[in-house]
There are 2 protein chains.
Amino acid sequence: MAEDQLSRAFTALADPTRRDIVARLSLGDATPGQLAEPFAMSLQAVSKHLKVLEEAGLISRTRDAQRRPCHLETAVLDEMTAWVDRYRRNAEERFRRLDAVLAALAEDEEQDQEETAQQDEGVASS
Amino acid sequence: MAEDQLSRAFTALADPTRRDIVARLSLGDATPGQLAEPFAMSLQAVSKHLKVLEEAGLISRTRDAQRRPCHLETAVLDEMTAWVDRYRRNAEERFRRLDAVLAALAEDEEQDQEETAQQDEGVASS
DNA sequence: GTTGTTCTCAACCAATCGGTTGAGAAGGAA
DNA sequence: TTCCTTCTCAACCGATTGGTTGAGAACAAC
């Protein structure tokens, strides 16, 4: 996926109104008028939001007389989760390995302490 | 998760520089100086990006003398995939059901056509 | 102490964003 | 045709964004 496409997708979902629209569209296609209804803003503002979502590839629009029904496209949503998951996995795998190393070190430490304790029998610790 | 926290997270990842930083940090902690090195911009600019990432909860910062090592936090990444996946699943489940309905309709249609063909034997179609 | 390194803060600037209003295109209904 | 509905486009406005430079805080090293 092109870099700026991913930027557009994240930018699109950064706005709460646009996330609400995506949530609504996940339940079924809807016209701009229907989508604008729950919001305290003009139809033109919603129309702008739909343009942003369309340019991000998150929705597509068909035609039905004057109406322009909007349809949620899932491909870009897939790309977004793929990106986020990739680096989340990177980090978590790294933490897992680090934990293993720390656990091994802790075991060595325990071993060392036991040996030291044997050597230092009867000597007060500082 | 708070609504504006999610907005901050998506806003943070909307910028390519910040996505690069997250990718880099997924491989291991790093200081602002190390993170700024590959970019053709000032350290101050990178410092601002780190502030955005920190306020989104995507990174945390500790202290090591003058250095402020950055650490990737995966919790918010989880929240982001959870959000995206929720509505992707909604939509895909809906498409799956729609496909089933259409398949059923197509079968009925076939049935109807067979019956009509029997009734209309020898009659030219209009 | 002074010096050098690392990093953040403050002020500024051009560009973008999210809303507004007004105009008009596209198409069904009277 | 004329009206009404639905929607987009264009221009504008204030707030935010992503960069800059300059100043200075915090700390190690000398």
Side-chain angles (χ1 to χ4, degrees), chain A residues 2-25 28-72 76, chain B residues 2-25 28-72 76:
Chain A
E3 167 101 339
D4 66 326
Q5 181 80 7
L6 207 43
S7 288
R8 265 174 244 168
F10 280 113
T11 300
L13 294 191
D15 185 275
T17 302
R18 287 192 293 259
R19 281 202 306 281
D20 282 350
I21 290 175
V22 166
R24 167 66 185 78
L25 287 176
D29 297 359
T31 66
Q34 293 169 328
L35 291 170
E37 197 271 325
F39 296 108
M41 72 178 70
S42 67
L43 175 63
Q44 290 94 321
V46 171
S47 183
K48 274 195 185 183
H49 283 306
L50 293 172
K51 197 175 186 183
V52 172
L53 288 167
E54 188 177 31
E55 278 164 1
L58 286 164
I59 68 169
S60 60
R61 287 189 273 188
T62 52
R63 190 166 255 300
D64 167 27
Q66 315 97 308
R67 269 145 249 120
R68 302 293 311 278
C70 300
H71 176 83
L72 185 61
V76 175
Chain B
E3 166 103 339
D4 65 326
Q5 181 79 7
L6 207 43
S7 288
R8 265 175 257 190
F10 280 113
T11 300
L13 294 190
D15 185 276
T17 301
R18 287 192 293 260
R19 282 202 305 281
D20 283 350
I21 290 174
V22 166
R24 165 67 184 78
L25 287 177
D29 296 359
T31 66
Q34 292 169 329
L35 291 170
E37 197 272 324
F39 297 109
M41 72 178 69
S42 67
L43 174 64
Q44 290 94 322
V46 171
S47 184
K48 274 196 185 183
H49 283 306
L50 293 173
K51 196 175 185 183
V52 172
L53 288 168
E54 188 177 30
E55 277 164 0
L58 286 164
I59 68 170
S60 60
R61 286 190 274 187
T62 52
R63 190 167 256 301
D64 167 28
Q66 313 96 309
R67 270 146 249 119
R68 302 294 310 277
C70 300
H71 176 83
L72 186 60
V76 175

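All chains are named by letter (A, B, ...) in the order of the sequence lines, taking the proteins before the strands, and each is independently numbered beginning at 1.
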For the side chain of A:Arg68 and the backbone of A:Thr31, is there at least one donor-acceptor N/O pair under 3.5 Å apart? no

Which is more 5' along DNA chain C, the nucleotide nearest A:Thr11 or the one nearest A:Arg63? Just name the residue. A:Thr11

So, is A:Ser47 near the phosphate of D:dT8, with a side-chain N or O under 4.0 Å from OP1 or OP2? yes

Between C:dT6 and B:Thr31, is there an OP1 or OP2 to side-chain N/O distance shorter than 4.0 Å? no

Heavy atoms only, 4.0 Å cut-off, all strands: where does A:Ala45 land among base, sugar-phosphate and nothing? base

Does B:Arg61 use its side chain to pair, donor to acceptor, with the backbone of B:Arg63 at less than 3.5 Å? no

Closest-nucleotide ordering on DNA chain C, the 5'-leading residue of B:Lys48 and B:Gly33: B:Gly33

Measure the distance from CD on A:Glu37 to C1' on D:dT5 and round it to the nearest whole Å. 16 Å

So which nucleotide from C:dA26, D:dG19, C:dG18 ends up closest to the side chain of A:Gln66? C:dA26

When you measure from the side chain of B:Arg18 to the backbone of B:Thr11, do you find a donor-acceptor pair of N or O atoms at a distance under 3.5 Å? yes

When you get a sec, tell me which of D:dC27, C:dC9, C:dT20 is the closest nucleotide to the side chain of A:Ser42? C:dT20

Between A:Glu55 (CD) and D:dT8 (C1'), how many Å, whole number? 13 Å

Between P of C:dA15 and CG of B:Asp15, the distance in whole Å: 17 Å

Rounded distance in Å - CZ (B:Arg67) to P (D:dA29): 8 Å

Is a salt bridge present between A:Asp20 and A:Arg24, judged by a nitrogen-to-oxygen distance below 4.0 Å? no

C:dG18 P sits how many Å from A:Leu53 CG, rounded? 11 Å

Rounded to whole Å, please give me the gap between CE in A:Met41 and C1' in C:dT21. 16 Å

Closest of D:dC9, C:dT8, C:dG18 to the B:Arg68 side chain is C:dT8

Quick check for you: among D:dG19, C:dG28, C:dT8, whose closest atom lies nearest to any side-chain atom of B:Leu43? C:dT8

Please state whether the phosphate of D:dC7, meaning OP1 or OP2, lies under 4.0 angstrom from any side-chain nitrogen or oxygen of A:Arg61. no

Atom CG in A:Leu25, atom OG in A:Ser60: separation rounded to 0.5 Å? 9.5 Å

Within the modelled atom types, does a donor on one side and an acceptor on the other bring the side chain of A:Gln44 and the base of C:dG18 under 3.5 Å apart? no

Rounded interatomic separation in angstrom, taking NE2 from B:His49 and P from C:dC7: 16 Å

Rounded interatomic separation in angstrom, taking CG from A:Asp64 and P from C:dG27: 11 Å

